[in-house]
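What you are looking at is a predicted structure, and each value in this text was computed from that prediction instead of being measured. Numbers here are sequence positions counted from 1.
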Amino acid sequence: HPNGITIIMSLPVVLVGGGVAVNSFLKANLGSPIVVVKGNKFQEWNMAASYYLTHPSEYSRFIAADTSAFSKALPNVTYEHEAAAEVDHEAKVVTLQSGKRIAYRALVIGTGMNIPIISAKAGTSLEARVAEVNKWGSALTSPSKKIVINGAGAIGLEVAADVRLANPSADILVLSRSGGVLTSHDYPAETIASVLKELKRLNIKVLKATVTQDSLAPSSTPKLIKVVGGSVIEADVFLPAYQQGCNTSFLNASLLDQTYIKTNSSLQSVVAKEVFAIGVNTLGIGFAAMELGPQSLACASNVKRFLAGQPLKPYVVSKESALGLKPAMLKLGYGKGGWMRIDNMPQPVQTCSFICGWPCCPCFALCGGLTCCGTPCAPAQGQSAMDGFMGMFGPAGINAFPENSGMFGFGSVAPEGEGAMMR
C-alpha cells in the first residue's frame, strides 16, 4: 500500500474473537481462507476467574501463553494475535491496533461479553494481565476487608463464594437490583432456596441496591459507592461481576443495538450483509458455552452459503442446545467448603445424577471413592458434589473442558520475552 499499511486482499473471511465460539466455527471447515483476529497473545480460561482472582499464584494454570500451542495450525487459517481497532463495513476492511488493514468478503464477530477484571481486555499484554490479576488477588484476599460484589447472577455469586473461601474474615456484600439472586434465568424455587441457604452458611449478604452510573467502575482500593435513592455504601474493594454488554466497541454504532449487532434470524447483520455475529447478536440467546457451539456451526454454514450466493437458513435453538441457555451447574466456591448443584444437564446425566447422587458410579475411581458422592434420590448438590467435581475436573473444569472445546495449551509457558512475569 502506498501509505505503508498492509492490506491482505486475498483473505475472504475474517473472524474476530477467541474461545469456544471461534473454535467451533473453525471446525466447520469453510473451504475458504480465514484470518482469526484473536485479540491477545495469550488465551485465558475465564470461566475460572473467580478462582484465579482469589488464587493469583495459580493463574498460569488457566492461561495458554504460547501462541503456537493455543492457535492450532489448520488448513487455510491465519492468526493475528492483536485486537481489532475498527471496522469499516462499507469498505469491508478490519483495522488492527498495529494499523494493519485486512479486507474481507465476510466478517464474523464472536467477541463475547464485556466483564471487566473477570476477563482480560482485548489488546492487553500478558505482563499487564498478570499484574492486574495479582493486584486484585491481593485486594480480594486481604483479611478483614469489606468487599462489595455488584451482581447477584451466577457470575457474581461464584465470585463472592470464592472470595469467602479464600478470605474467611472478609465482610462480603452482594448487590442485587431486584433484591433476589439468579433472576435472569428461570430457576425452580427449590434451586433458589438452596442457593440462599448456602449463601447464609457462607455468611454472604445480599442487599437490594442499584449502583448509579458514575459509581460502576471497579476499584481494588477503598471507595464510596453511590446507589439509586441517594444512599452510599462504603467498600474496601468493589468488583462488578456481571455482563456489561458485548465487546463490540470497535464496530460502527450503525451496526449495533446498544452493544449487540442487529441481526436477522440467520445471524446476519441487517445493516451490512457481509457481517455475521455469534453470541453478540440480537436473537437474545446469550453466551452459555453449550449453546455457542451449535450457534457457531450454524453461522459457519450460513457464511458458506453467503460466499456461494445461496439463500441463508434461519438459526433455530434445538432442544439440546436450549439447555445451554443457563448454566448446567451452579457453583459456590471451588475447594473445601465449596458447594455445587447440578440443575441443567442433558439426559440421561440429569436423571442419573438424581438417582445415584453426583458424581455417579462410573466416576467413583476418578474422584477418590464413595466419600465424594452426593445423596441418592435427591437433588445432585452439596459440598460433596463440589469435592467430586474438583477431583475429576479441577477449578472450572480446567483439567478437561478446554481441550474438549478445542482449546489447547493451557499451562504452557510463553517463549522468552513474552510473559516473563508469570514465572
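For Ala193, there are no side chain to side chain contact (heavy atoms under 4.5 Å, CB included) partners at least two apart in sequence or on another chain. For the salt bridge (charged side-chain N to carboxylate O under 4.0 Å, His left out) test, no residue two or more places apart in sequence or in another chain qualifies with Lys262. Legend: residues meeting side chain to side chain contact (heavy atoms under 4.5 Å, CB included) with Pro116, ordered by chain and number and at least two apart, are Asn114, Gln244. Every residue two or more places apart in sequence or in another chain that forms a salt bridge (charged side-chain N to carboxylate O under 4.0 Å, His left out) with Arg61 is listed here: Glu58.
Side-chain contact check for Tyr104 versus Val275: some heavy-atom pair is nearer than 4.5 Å. With contacts defined as side-chain heavy-atom distances shorter than 4.5 Å, the pair Leu26/Leu15 qualifies. Within the 4.5 Å cutoff, no side-chain heavy atoms of Leu165 are placed close to those of Thr54. The shortest side-chain heavy-atom distance between Lys226 and Asp214 falls under the 4.5 Å cut-off. Using a 4.5 Å heavy-atom cutoff, the side chains of Arg164 and Ile204 are in contact. Between Ser194 and Gln381, some side-chain heavy-atom pair lies under the 4.5 Å cut-off. At a threshold of 4.5 Å between non-hydrogen side-chain atoms, the residues Val87 and Phe250 count as touching.
Taking every heavy atom of both residues into account, Gly156 and Ile149 meet most closely at O-CG2, 3.8 Å. Closest heavy-atom contact between Ser219 and Thr221: OG-O, 2.8 Å. The two atoms that bring Ile115 and Tyr242 nearest to each other are CG2-O, 3.6 Å, heavy atoms only. Nearest heavy-atom pair across Val37 and Glu82 is CG1-O, 3.2 Å. The two residues Lys273 and Phe306 come nearest to each other via the heavy atoms O-CE1, 3.7 Å.
A donor atom on one side chain and an acceptor atom on the other are found under 3.5 Å apart for Ser119 and Asn46. Under the 3.5 Å distance criterion, with hydrogens and angles disregarded, a donor-acceptor pair is assigned to the side chains of Glu44 and Tyr59. Thr263 and Asn281 share no side-chain donor-acceptor pair at under 3.5 Å.
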Inset, instruction - Decide side-chain contact (heavy atoms from CB on, under 4.5 Å) for Leu107 and Lys92; before the verdict, give the C-alpha distance in whole Å, the side-chain angles of both, and the deciding distance to 0.1 Å. - result: CA-CA 8 Å; Leu107 173 65; Lys92 304 180 186 62; over 6 Å; no
Inset, instruction - Give the intermediate values and the outcome of side-chain contact (heavy atoms from CB on, under 4.5 Å) for residues Met340 and Met390. - result: CA-CA 10 Å; Met340 184 179 79; Met390 287 286 285; over 6 Å; no
Legend entry - Intermediate values then yes/no, side-chain contact (heavy atoms from CB on, under 4.5 Å), Phe25 and Ile34: CA-CA 11 Å; Phe25 185 96; Ile34 299 174; 4.3 Å; yes
Legend entry - Worked check of salt bridge (charged side-chain N to carboxylate O under 4.0 Å, His left out) between Lys135 and Glu132: CA-CA 5 Å; Lys135 179 181 77 171; Glu132 182 175 59; over 6 Å; no
Inset, instruction - Please lay out, stage by stage, how Leu53 and Val159 fare under the test side-chain contact (heavy atoms from CB on, under 4.5 Å). - result: CA-CA 9 Å; Leu53 286 174; Val159 170; 5.8 Å; no
Using residues 328-338 as the side-chain source, report each donor-acceptor pair under 3.5 Å to any protein atom, sequence neighbours left out, with the distance given to one decimal.
unit_1, atom_1, unit_2, atom_2, d
Tyr334, OH, Glu158, OE2, 3.2

Show me, pair by pair, the donor-acceptor contacts under 3.5 angstrom made by side chains of residues 167-177, not counting sequence neighbours?
unit_1, atom_1, unit_2, atom_2, d
Asn167, ND2, Leu140, O, 3.0
Asn167, ND2, Ser142, O, 2.8
Ser169, OG, Ser144, N, 2.8
Asp171, OD1, Lys205, NZ, 3.1
Ser176, OG, Ser178, N, 3.4
Ser176, OG, Ser178, OG, 3.4
Ser176, OG, Gly179, N, 2.9
Ser176, OG, Gly180, N, 3.2
Ser176, OG, Gly180, O, 2.7

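Between Tyr52 and Phe62, the ring planes are tilted. Angles from 30° to 60° get that label. The aromatic rings of Phe393 and Phe401 sit tilted, their planes meeting at an angle between 30° and 60°.
With hydrogens and angles disregarded, no donor-acceptor distance shorter than 3.5 Å links the side chain of Asn252 to the backbone of Asp88.
Within 6.0 Å of NZ on Lys146 lie more than 12 heavy atoms contributed by other residues, nucleotides or ligands.
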